[in-house]
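Notes for the one structure printed next.
A, B, ... follow the sequence lines: proteins, then strands. Residue 1 opens every chain.
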Number of protein chains: 2
Amino acid sequence: MDEWFVWRAGSCDNRRCLVAGKMEEKNKGPLFIDEYVKLHPADLADRLLRLDAAARAELLKNLPSGVTAAAVAELDEEHYQLVTGALSAEHLADIVEEMPHDHAADLLGEMGEERREKVLSALDKEDSAPIEELLKYPEDTAGGIMDDRFFTLPSGSSVAQCLEEIRSKADERKEDISYLYVVDTGERLVGVVPLRELVFSKPSQMVDDIMLRDVKILRVDDDQEEVANQFEHYGYLGLPVLDAGGRMVGIVKATDVIEIAHDEATEDMQLMVGLSGEERSSTPWRTSLRRRLPWLYVNLATAFLAAFVVGMFEDTIKQMTALAVFLPIVAGQGGNAGMQTLTVIIRDMALGELEPGDGRRALFKEVLLGLIHGIAIGIVVGLIAWVWKGKPVFGLVAGLAMVLNQMAAALSGVLIPFSLKMLKIDPAMASSIILTTVTDVAGFFFFLGMAALAMQWLV
Amino acid sequence: MDEWFVWRAGSCDNRRCLVAGKMEEKNKGPLFIDEYVKLHPADLADRLLRLDAAARAELLKNLPSGVTAAAVAELDEEHYQLVTGALSAEHLADIVEEMPHDHAADLLGEMGEERREKVLSALDKEDSAPIEELLKYPEDTAGGIMDDRFFTLPSGSSVAQCLEEIRSKADERKEDISYLYVVDTGERLVGVVPLRELVFSKPSQMVDDIMLRDVKILRVDDDQEEVANQFEHYGYLGLPVLDAGGRMVGIVKATDVIEIAHDEATEDMQLMVGLSGEERSSTPWRTSLRRRLPWLYVNLATAFLAAFVVGMFEDTIKQMTALAVFLPIVAGQGGNAGMQTLTVIIRDMALGELEPGDGRRALFKEVLLGLIHGIAIGIVVGLIAWVWKGKPVFGLVAGLAMVLNQMAAALSGVLIPFSLKMLKIDPAMASSIILTTVTDVAGFFFFLGMAALAMQWLV
């Protein structure tokens, strides 16, 4: 660290200023400011994350605000605070001014209200108004992810007029114009024209005659998971977003949806095991602790439930301690088979691939599988139990417990997510914790209960 | 079923022919053929999957091959066989002829070699050659997912010449022309021009003067997971794909990548619990059985390992059966905490967000968390054990076992995926099975081992 300070101090001449953090230095070597400027914004965003605080501050002081803006727009929301938390409201306003409105709204949405107001009031009205507009939409809706830059053409104009209009504005405005949206005088969407179509049509044609009228649309309050599923199902490049009054207010692009598709799948995976859905290995440990420990306590409470069942049979175990040896097998097999079922069901639910009626079919399939798995595993476990203790009845009890346990696992793997969904809780939410409780409790109860009943043939 | 047959037979007049399967009928009611034709191809694909075999055959017999082709192109690869398996090679060739080459190659790639050859030989050379070309690339590479329809412009031509060229071909060719690729005489890519740029440049300008030269490219053998990460990281709409000789052979579009991003995340989630990575609730039960049972047997073998550890301490348990009651708590807490760590690490690895050096940082963070979690949980468990049996030493043993178990869980949650990766095995592969084995074995060993050592104060 010391070495680095000397180094930085010694190698700074105006815009050629070395910036290196501890991490940076070790992995990739330091860069000069003008090398940082040349990085792809997404790569610069990565660098900003990995620098230590002092080096990051140094770099942000020296970067042009347009460059910083592009990099900040690439950050995950949970990293905004880390990168921009130390900046003054004025510096932040300079950066926000250069960001696309949708990313600016994301950034401001993550701040405390006081700081947000400060930054907004440091902006021109022209910049702050559209951002405040976007801030009204919840971040996980179509309104929250849409871009407000799109190109509209007035219904009733000719192809030549439209091309002239685009040409006159294309230089100053940065939006994608692969698709042009035709609106009536009330800004209501009436059709879409691909640029390709417009370019190769006769100049005298009316835009209303060449536009596609049957346009799939999104509403501002559509859920982002649903939006991602629509994009995946239909393969759209982009979709227009309408507000409650039918006015076109933005577009959602396929590129924005890739990240959501990734995130939603990650989220389910994490929720299942009692994580927040947004945890990364780079999440600070205090944040991780705050999020994980409560779930571990919930899990502990459920584990005591399973322990209570074992406790009910303490006398049985005293008579035959070999029963205790088989407890991990009962718990392990039930938990694992149940997780397989659960993982399939939750994935299909999240992607909207389960239609009404499919639930019963899935339940039937999984219970059938549970029965077959139970028999296949039960035979092996039963034989080992028999051979080990030389008591055929012990084998029978262990084998039968496996069959029942596997069927309980199948049932809970299907019923837990469906029940959570019916209760309007995210089906992935802590489902694996509930599942292992059910399979442990049921498995121990079957196994030890049958052993208690058959005790006269066991000892 | 009977009713349906009467119904279908009674309501067929040429193109207006009712098609209804059992499922279909129950959920949405039957449709006429010309209603099926009007569906979005992705929705028609869903319908084809959900019909029973007889109704599907009836529908496929009546649909125009262009309509069927569009729907088949929307199917997941694992459903090709179900939908097209009963068709004759000639009928299939009619359908393949109407499909984009990349989807045709996907479909043919899933067939047996004999059937594939039959279909290919029923096609015109003009259709079969590019499909055979695409079939050479493994399906999970950039070459395997790319579209071979893209628009090239010859380097050295003027804007006017280029526009004329596009105009003359745009009607017959269906590819996306938002971006145009400039190639030299050896078909090597030298730059990219957005259509927007071309349209609004002076007709006399040379295309070489307006094109972007610094173009990010993919290679045919790039892994699709890597490709998806690139799209997510940089937000590309599409990227050109070059073969080993530097010739441009296709493009990968953001829309194709959404599905891959979803699938890769799903795959990891499934691999972790010993599923195939491609299992759906609609997967036939025999297929599920074949894939899941082997992993359950592996899990059984590892469960016996945990049981063996318990067996080592059978005498200890005989002296104090309360130990058996705490086994589910030891196993449950270790498994759950370990799964939290594992899930975070695997997600970050899959998305390429862990750089060299991050592994050590993650290990440090997780072990620290494990220590804190262990103390937090250990105090609760220790107190309960003490109060329950009235022996402070029992509380100490239970509490300390929790601390050690949580740290073992943290260590294995990080080290298992990193080790699998070093062995060039997918880090998600069965990692949860290995993890729970480690946490069970270590947890039981710490807990029962310490109890055995402290036995004189326990009874």
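A distance-only check finds no donor-acceptor pair linking the side chain of A/Y234 to the backbone of B/H40 [under 3.5 Å]. Not a single donor-acceptor pair under 3.5 Å links the side chain of A/E279 to the backbone N or O of B/V344.
Counting heavy-atom pairs under 4.5 Å between each of A/P41, A/S288, A/A331, A/A362 and chain B puts A/S288 at the top. Here B/R347 is the residue among B/K318, B/K253, B/R347 with the most heavy-atom pairs under 4.5 Å with chain A. Contact count against chain A (heavy-atom pairs under 4.5 Å) is highest for B/V325 among B/V330, B/V310, B/I384, B/V325.
Of the two parts of B/S281, the backbone and the side chain both hold a non-hydrogen atom closer than 4.5 Å to a non-hydrogen atom of chain A. Heavy-atom distances place the side chain of B/D46, and not its backbone, under 4.5 Å from chain A. In this structure, chain A has no heavy atom under 4.5 Å from any part of B/I260. Only the side chain of B/N229 comes within contact range of chain A, judged by heavy atoms closer than 4.5 Å. Of the atoms belonging to A/E74, it is side-chain heavy atoms, and not backbone ones, that fall under 4.5 Å from chain B. For B/T437, no part sits under 4.5 Å from any heavy atom of chain A, backbone or side chain.
The CE atom of A/M272 sits 9.0 Å away from the CE atom of B/M272 when rounded to the nearest 0.5 Å.
Across B/T255 and A/Y236, no two heavy atoms sit closer than the pair CG2-O, 3.0 Å.
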